[in-house]
Amino acid sequence: MHRNGYSYLHHVLQILRYGLIGAVALAVIVCICVVFFILGVLLLGTYQQHQAFQHQLVDAIQIDHQQFPQLQQPVLIFYRNHSPMTGNVVLVYAIDNRVREGIQQKALRDASQNDAMVECVKPAIKKRWRGWRKTLHYVQPNPIYSNHHDYMNHDSYFVQGSTEYLSQAVNACYMSFTRIPAATLPEKYPNFQHRYWALSDTENLLFSVYQTWH
């Protein structure tokens, strides 16, 4: 009688043990599935953002080429966020004397102005990789922004693609630009709009500045 009771209790404990092991295994599987699902959603969101940005860049290049057909492809693309909602994207083109003359003629027609206030870049104090052909460049922030919550990131910028012309763009930013008003052209993306062109005679560069809204 005592032996039968012990055997019954042993079977019950085994069932409970196997049940607990199964529940833990199921919980682990569910957690892994949730983690992979979250990673998949994040990766999909990142991919969609990247694709949307690439489409916007293609549209921006078309707008620039409509105004200046002699332009080649951008040699530098950089961008930064000025707030959680807005930012600027800048396409930089290398130009020769013939292209510069055409830009200067448009500047004369469109009431352009000499202006140092251009979306620009500063020398980087450190650089970090942030994805496929994407780097984040930290600069020495201006002390007047020391009370800002993002003081250490102030004026930092991302570079998409090659940085070969980055130092040349930095040099241009120490000089004045000729700003040319944006063209009144239809744009496909209401949250990605052209603001102005800026011509650097000293470095033979044309900055094309777009404003973004998130």
Side-chain angles (χ1 to χ4, degrees), residues 42-96 99-100 103 118-141 150 152-175 177 179-180 182-183 185 187-189 191-214:
L42 293 175
L43 289 174
L44 178 61
T46 301
Y47 174 77
Q48 290 176 336
Q49 288 180 348
H50 175 75
Q51 289 298 104
F53 184 61
Q54 294 302 315
H55 291 317
Q56 290 169 344
L57 290 180
V58 169
D59 187 55
I61 293 171
Q62 290 177 349
I63 290 174
D64 293 334
H65 284 189
Q66 286 178 19
Q67 294 300 305
F68 308 109
Q70 303 89 348
L71 290 177
Q72 302 297 318
Q73 292 297 304
V75 296
L76 175 68
I77 299 173
F78 68 88
Y79 57 96
R80 66 164 57 89
N81 293 326
H82 293 292
S83 74
M85 300 301 296
T86 63
N88 285 103
V89 178
V90 182
L91 284 66
V92 182
Y93 298 88
I95 59 176
D96 56 23
V99 177
R100 185 173 69 246
I103 296 172
V118 170
E119 190 70 24
C120 254
V121 285
K122 296 179 180 179
I125 56 177
K126 62 179 178 179
K127 180 175 72 172
R128 294 291 183 268
W129 181 81
R130 286 294 182 268
W132 172 247
R133 304 189 73 229
K134 177 181 176 181
T135 49
L136 174 58
H137 298 250
Y138 293 94
V139 304
Q140 185 63 46
D150 64 341
M152 294 308 296
N153 294 329
H154 203 89
D155 287 338
S156 298
Y157 53 91
F158 292 94
V159 173
Q160 182 76 32
S162 172
T163 59
E164 179 181 354
Y165 280 79
L166 181 58
S167 60
Q168 193 171 337
V170 170
N171 292 337
C173 288
Y174 285 106
M175 310 298 290
F177 287 81
R179 277 184 52 156
I180 306 169
L185 293 173
E187 293 167 329
K188 297 179 182 178
Y189 305 99
N191 60 339
F192 190 88
Q193 295 184 357
H194 191 238
R195 284 304 176 217
Y196 59 87
W197 291 283
L199 174 64
S200 168
D201 281 323
T202 58
E203 297 295 331
N204 278 348
L205 295 176
L206 178 69
F207 287 38
S208 183
V209 181
Y210 290 78
Q211 187 171 9
T212 62
W213 290 267
H214 306 292

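- Between Asn88 and Gln211, the shortest heavy-atom contact is ND2-CA, 3.7 Å.
- Between the His55 side chain and the Leu57 main chain, no donor and acceptor come within less than 3.5 Å of each other.
- Among pairs with a residue in residues 63-76, none fulfils salt bridge (charged side-chain N to carboxylate O under 4.0 Å, His left out), at least two apart in sequence or across chains.
- With sequence neighbours excluded, the residues forming a side-chain contact (heavy atoms from CB on, under 4.5 Å) with Gln168 are Tyr165, Glu203, Leu205, listed by chain and number.
- When every heavy atom of Val89 is checked against every heavy atom of Leu91, the shortest pair comes out as CG1-CD1, 4.0 Å.
- Atom CZ in Arg128 sits 11.0 Å away from atom OG in Ser156 (nearest 0.5 Å).
- Note on residues 87-96: no pairs pass salt bridge (charged side-chain N to carboxylate O under 4.0 Å, His left out), not counting sequence neighbours.
- Nearest heavy atom pair, residue Arg195 against residue Ala182, reads O-CB, 3.2 Å.
- To the nearest 0.5 angstrom, Thr163 atom OG1 is 8.0 Å from Leu76 atom CG.
- Take Lys134 and apply the side-chain contact (heavy atoms from CB on, under 4.5 Å) test, not counting sequence neighbours, and it matches Tyr79, Arg130, Phe158, Gln160.
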Output side-chain donor-acceptor pairs under 3.5 Å for residues 119-126, partner residues at least two apart or in another chain, one line each.
unit_1, atom_1, unit_2, atom_2, d
Glu119, OE1, His82, NE2, 3.2
Glu119, OE2, Arg80, NH1, 2.7
Glu119, OE2, His82, NE2, 3.0
Lys122, NZ, Asp155, OD2, 3.0

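- Annotation: side-chain contact (heavy atoms from CB on, under 4.5 Å) contacts of Gln73 (sequence neighbours excluded): Ile61, His65.
- Of the candidates Trp197, Tyr196, Phe192, Tyr210 forms a ring pair (Phe, Tyr, Trp, His ring centres under 6.0 Å) with just one, namely Phe192.
- The aromatic rings of His137 and Tyr157 lie parallel to each other, their planes meeting at an angle below 30°, with 60° marking the opposite boundary.
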